[in-house]
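Worksheet: one structure, shown below.
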Amino acid sequence: MTTPVAQRVDHKLLLDYYKKMLELRVFEVKVQELYRNGRLPGFVHLYVGEEAVAVGVCANLRNDDLIFSTHRGHGHALAKGVPGGVVLAELWGKVAGSSGGRGGSMHMYAPEWGFMGTNGIVGAPIPLATGGGLTAKLAKKGGVVVSFFGEGAVNSGSFHEALNLGTVWDLPVIYVCENNLYATEMAFSRATKNTSVASRAAAYGMKGVAVDGQDVMAVHDAAAEAIRIARADGGPTLIECKTYRYVGHHEGDPGTDYRTREEVQEWKQKDPVKRARKQLLDSGIEEIKLAAVDEEVEVWIEEAVKFAESSSEPLAESVTEHVY
Amino acid sequence: MTTPVAQRVDHKLLLDYYKKMLELRVFEVKVQELYRNGRLPGFVHLYVGEEAVAVGVCANLRNDDLIFSTHRGHGHALAKGVPGGVVLAELWGKVAGSSGGRGGSMHMYAPEWGFMGTNGIVGAPIPLATGGGLTAKLAKKGGVVVSFFGEGAVNSGSFHEALNLGTVWDLPVIYVCENNLYATEMAFSRATKNTSVASRAAAYGMKGVAVDGQDVMAVHDAAAEAIRIARADGGPTLIECKTYRYVGHHEGDPGTDYRTREEVQEWKQKDPVKRARKQLLDSGIEEIKLAAVDEEVEVWIEEAVKFAESSSEPLAESVTEHVY
Amino acid sequence: MSEQGRVITYSDAGVEALREEMRRDSSIVYIGQGIGPRGGNFRQTKGLWKEFGDHRLRDTGICELGATGVAIGAAMAGTRTIVDEVFLDFALEALTQIIQQAANISYMSNGKIKAPVLVRGAMGAVRNAGAHHSHTFYNWFANTPGLKVVLPATPYDLKGLFKSSLREPGPVIFIEHKSLYNTKGVVPEEEYIIPLGEARIVREGKDVTIVAMSRMVDLAVKAAAALESEGVSAEVIDPRTIVPLDRQRITDSIKKTGRLVVIDESPSSCSFAAELLAIAVEDCFHELDVVPKRICSMPVPNPFSPVLENLMIPSVERIVGEIHGMMKDVRRKS
Amino acid sequence: MSEQGRVITYSDAGVEALREEMRRDSSIVYIGQGIGPRGGNFRQTKGLWKEFGDHRLRDTGICELGATGVAIGAAMAGTRTIVDEVFLDFALEALTQIIQQAANISYMSNGKIKAPVLVRGAMGAVRNAGAHHSHTFYNWFANTPGLKVVLPATPYDLKGLFKSSLREPGPVIFIEHKSLYNTKGVVPEEEYIIPLGEARIVREGKDVTIVAMSRMVDLAVKAAAALESEGVSAEVIDPRTIVPLDRQRITDSIKKTGRLVVIDESPSSCSFAAELLAIAVEDCFHELDVVPKRICSMPVPNPFSPVLENLMIPSVERIVGEIHGMMKDVRRKS
Ligand SMILES: Cc1ncc(C[n+]2csc(CCOP(=O)(O)OP(=O)(O)O)c2C)c(N)n1
Ligand SMILES: Cc1ncc(C[n+]2csc(CCOP(=O)(O)OP(=O)(O)O)c2C)c(N)n1
Ligand SMILES: [Mg+2]
Ligand SMILES: [Mg+2]
């Protein structure tokens, strides 16, 4: 487990993480609004409530480190450094998007920032990330790869086969499970009798840790340690981040009765953004300084929207490009 | 774990098991001879050395209990009660075979005896057996299903997904892993960092036990307990039987250098058939009685060969039968 | 018959078929993701869990491989099962079980073991879901001996074909189309079944035969209507099942019209459209008046961009345009 | 060129190609089961482990899904990988990775990410291995945009096609035939590559065009020889790659002979044979003199019984018989 961090707060870092988390939050709220207004095609799975995981983990990464994400990946892309406008343009199906509008929310790629893609197939990114780890290991430059996945992927064969290979080959991969308790409407406790994801690491002889996924510093520290080991060619770690999504599985998903209002409210009490804000205030930073940050984020999102909105649709001729 | 049994030997039972194990042994030696003489088509994986597992487990089963076997399944079929001649005729591609000669060694089915098939696909029988368990549970007749598989299947997604479903649904399935240390030439210790198969049960919240697979009574007792629980709707158990194959992966497989002569010799010291024979003698049974049993088995195999040899080839017209 | 009855949705027609069959056959067990209390991602099991409960509607975690293997194994042991992959795309996770175990078991066991399992999945493009959620695959299953392959295009066909599929001795691949779930059609009150292997003449005509399945049938009908106003009489045929295939009814039509157009949502290489052109030349060599046409999705993954995906998938305009060209061709016989 | 050189086996030709390419491109990593010290179940990596070691020849346990995903992910990140499924049948375990990830990545990423992964597998019937170990599947891959599909029939073609496949920017499905590994052929000493997309005229002829791939080429050649003695001149063409397909060279031949026979080891429904008949009617409608023929495996799983399997798979006798019938057909033009 990781050392508690509630006490010792590093202003500078926490302020950066607070701002990043706020960007992720504001971004998804904007996507929700645009989607509900029928501006965005396709399907979107929002990251609202889980910001501390992406931000806490990616804060430890170099630009040339790689991450492989999921169907719920906007936050991962932003945390890895992909510009908001580029992500939003992709959700909009515009040429300025990271995939020129051909990918959308679930097939978004930005290798320039080490973002190796969201993914429409649950489980699939775990072997892919493990392969990225193989390349990183062979390159011998101390690079690492992060594999993000939800607890729903843990019961899939992809998880099982990939974690075993990652361990056997001592690959520099950090397996980050975002355990938000549900896969669509399916409670993890209905899907398995062993609801401890961290404990699954033992099956492969891998290190496994569980951490409060709503505490950005706790996530940061757990990831920092795992990444330090991986960079030193010490092999992979499985990190279970206990988190929660405030919104529906995907926008427009009617399903709500599978969890109680109380449960949702309880988790909102532990909101990672509010929590970081409070920690900053408690540690003496002035309200006004935070207000300025909030303001910057507002400007940032408006610019992202302008950027995406002003981009054009793909050209018809391009439909047959890049197949091979 | 199971209670040691070296001391208390039940003559009657042990004698039955001794005879059954001898049948399995003699059968495979005969198959080897026929195959090497070019009499049998296809490919055969022999069970020589692992007899105590099939016999110890199946001794606890009713005819209407089901077992799902592997590519190395002749012994399982015989132990479940399929007549030697019927199995051999199938290996020969004859109409008297359990599948009328259309299946062969790796696709042999005899539901009349609760034998739900050998299988050419490693891992595949584990979900299938789990499904058999679902049918048994719904039938509410106390029936159970045994899933045999090698340790090589443990790293496959099929194992992972099936054991999780078997546990979540409390199915009456006994997962019997024949850990003979190698998958083809691949040592289990090269394929994974956790070489304890029994310990894998914990990942699913399932009961797991390891047992000496060369001691038929030990296997019998472990299986008896797991089956008792399953019949009482108490859910599945994973049993790891530590065993060894004396022969090559399949007949004609050149690979030998992946294990030492010494290792093979060591394991032959623990031979399950010899061991049972010695236990019987030590416990006072006369040599002559055992000699009589050995004689019966000799007659049995000769009759099996006659039966299979005298059967005819499938009719050409039958090639398009039973597709749907 | 399909004239009387109520107007209900494609998804509700499936729910009705399931309810009736699960009442008739108490051995039927339904396995999948979100098919219990949730009532199905596409509302394809709405209300069934209330009536049949946890034992017969079994939600699983994300494990198509295991769940499909379990459904097949249970079927081999005597339970009639349905395994819902929800998106047909996810059947890829379980293809080894479907192809190696379910399809082969009857043959390999000399008919002693049957696997009455229905593999359900929704195919095709819908609301720009993108490359991972838009596959078709039916021609792969049709290339696999031992599998029957069903693709209903209307609520009426869906209910009748679903019910007969649930009475088949072996495995059936039952493929719905995602973008049809909310479409409506007339479905009779009284029970009926539609035998597998009977093509439906959706619309009679004499100048050209248009063969289409699933969502493509609607496009074919719209194209036929447009052509009618120009004096071109198009016959539209929906095979409804690829295996078994109603070769007779299809080739009779081709012989009558002398012209064939196949609309296929999958890429053309080694497709069902290719199969139909092969059948046409094998059975109607002397009756074909002009070169038959395949109108398929472009050979690219489904692009997310609405602009691009609309270009990629067959459209009414494209169909009408192709047939215009075809009608200009001098008839060989004349 | 294929006239000089040494006579080596199909499997050794692959080993040579691998050795040369792994020396040329130090990024190539080979992943699979038994491909290290064991040298491959089919001897397809014999001796490579000694030279390239554990880091570049990576044995795995039984986990095709994970191993294939790892190979694809490593390729996306910049390592050229080969993943050996050994038996093509086992590619089913990993099909979701091949179809959803490898085939789509270039298109979905707008060309920013490539996956230079070669998926290797041995197909087809061999020594009565039975239903689980005898699949072909190439037409499924050919139906998938984003994949190139290669099927060498000789040691010469195998080496040349293997080397160019290892220089492709994206995924290649490289399918050998199990029963060809011990066959021998002439392979030059000097380096050569064979570009993908060039069909090979195996044998020139003027009366009938026989298209065959992989092991079927040998049957076609034998049938052609038998027919020659009866005065029938058969042209044998091996496309060698289905994607890209040398449509030109194939249709030129059909136009020349006016007769087409396709030999295909897979079942005929939605097969490559169907694709070729479709192409023939699309491109050679007016030149086809008689009904083209598909000679495919019977639509049944591969039976274990040698008697039955020999009936199931195309044979020289069947090919010769079909062509006899075809030659009797009155030529339409005369
Ligand atoms: C192989 C596969 N099966 C099913 C789905 C449908 N699906 C998309 S997201 C999802 C739930 C995933 O849950 P989890 O992994 O916990 O991630 P979360 O949505 O909670 O972030 C499911 C079942 C899929 N995309 N891929
Ligand atoms: C999915 C799959 N991958 C690979 C193979 C090839 N294969 C057949 S048996 C075998 C080894 C199996 O080892 P294990 O499960 O330990 O059983 P054992 O042979 O030791 O009894 C392998 C790799 C296969 N049949 N199926
Ligand atoms: Mg979740
Ligand atoms: Mg083993």
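Residue numbers begin at 1 in each chain, while the letters A, B, ... track the order of the sequences. Worth knowing before you read on, the calculation uses all heavy atoms, side chains too, and leaves out hydrogens, waters and symmetry mates.
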- Task: Answer yes or no: is there an ion pair linking Glu282(D) with Lys293(C), defined by an N-O contact shorter than 4.0 Å?
- Result: no
- Item | Thr96(D) and Glu93(C): side chain donor to acceptor below 3.5 Å | yes
- Taking every heavy-atom pair that is under 4.5 Å apart, which of Ala142(D), Ser266(D), Ala273(D), Ser268(D) has the most such pairs with chain C? Ala142(D)
- Answer with side chain, backbone, both or neither: which region of Ile279(D) has an atom nearer than 4.5 Å to a non-hydrogen atom of chain C? both
- Message: Under the salt bridge (Lys or Arg N to Asp or Glu O under 4.0 Å) definition, can you give me all pairs with a residue in residues 121-140 of chain C, not counting sequence neighbours?
- Response: none
- Can you check whether anything in residues 131-138 of chain C gets within less than 4.5 Å of chain D, heavy-atom wise, and list it by number? Ala131(C), His132(C), His135(C), Phe137(C)
- Message: Counting C-beta onward and ignoring hydrogens, is there a side-chain heavy-atom pair between Phe285(D) and Pro292(C) closer than 4.5 Å?
- Response: yes
- Query: Do any of residues 295-303 of chain D come closer than 4.5 Å to chain C, heavy atom to heavy atom, and if so which ones, in number order?
  - Reply: Pro299(D), Val300(D), Pro301(D), Pro303(D)
- Interchain contact, Asp283(D) with chain C, by part (heavy-atom threshold 4.5 Å): neither
- Task: Not counting sequence neighbours, which residues clear side chain to side chain contact (heavy atoms under 4.5 Å, CB included) with Ala103(D)? List them please.
- Result: Thr144(D), Leu147(D)
- Query: Between atom CG of Asn139(C) and atom OG of Ser269(D), what is the distance when rounded to the nearest 0.5 Å?
  - Reply: 8.5 Å
- Query: In terms of heavy-atom pairs under 4.5 Å with chain D, which of Leu276(C), Asn104(C), Asp89(C) leads?
  - Reply: Asn104(C)
- Message: Give me the atom names and distance for the closest heavy-atom approach of Glu275(D) to Ser271(C).
- Response: OE1-N, 4.5 Å
- Counting heavy-atom pairs under 4.5 Å with chain D, the top scorer among Ala280(C), Gly130(C), Ala278(C) is Ala278(C)
- Item | Side chain to side chain, Pro145(C) and Pro267(D), heavy atoms closer than 4.5 Å | yes
- Task: Determine the option with the most heavy-atom pairs under 4.5 angstrom with chain D, choosing from Phe90(C), Tyr107(C), Phe272(C), Trp140(C).
- Result: Trp140(C)
- Message: So which residue, Asn143(D), Ile99(D), Val291(D), Leu277(D), ends up with the most heavy-atom pairs under 4.5 Å with chain C?
- Response: Asn143(D)
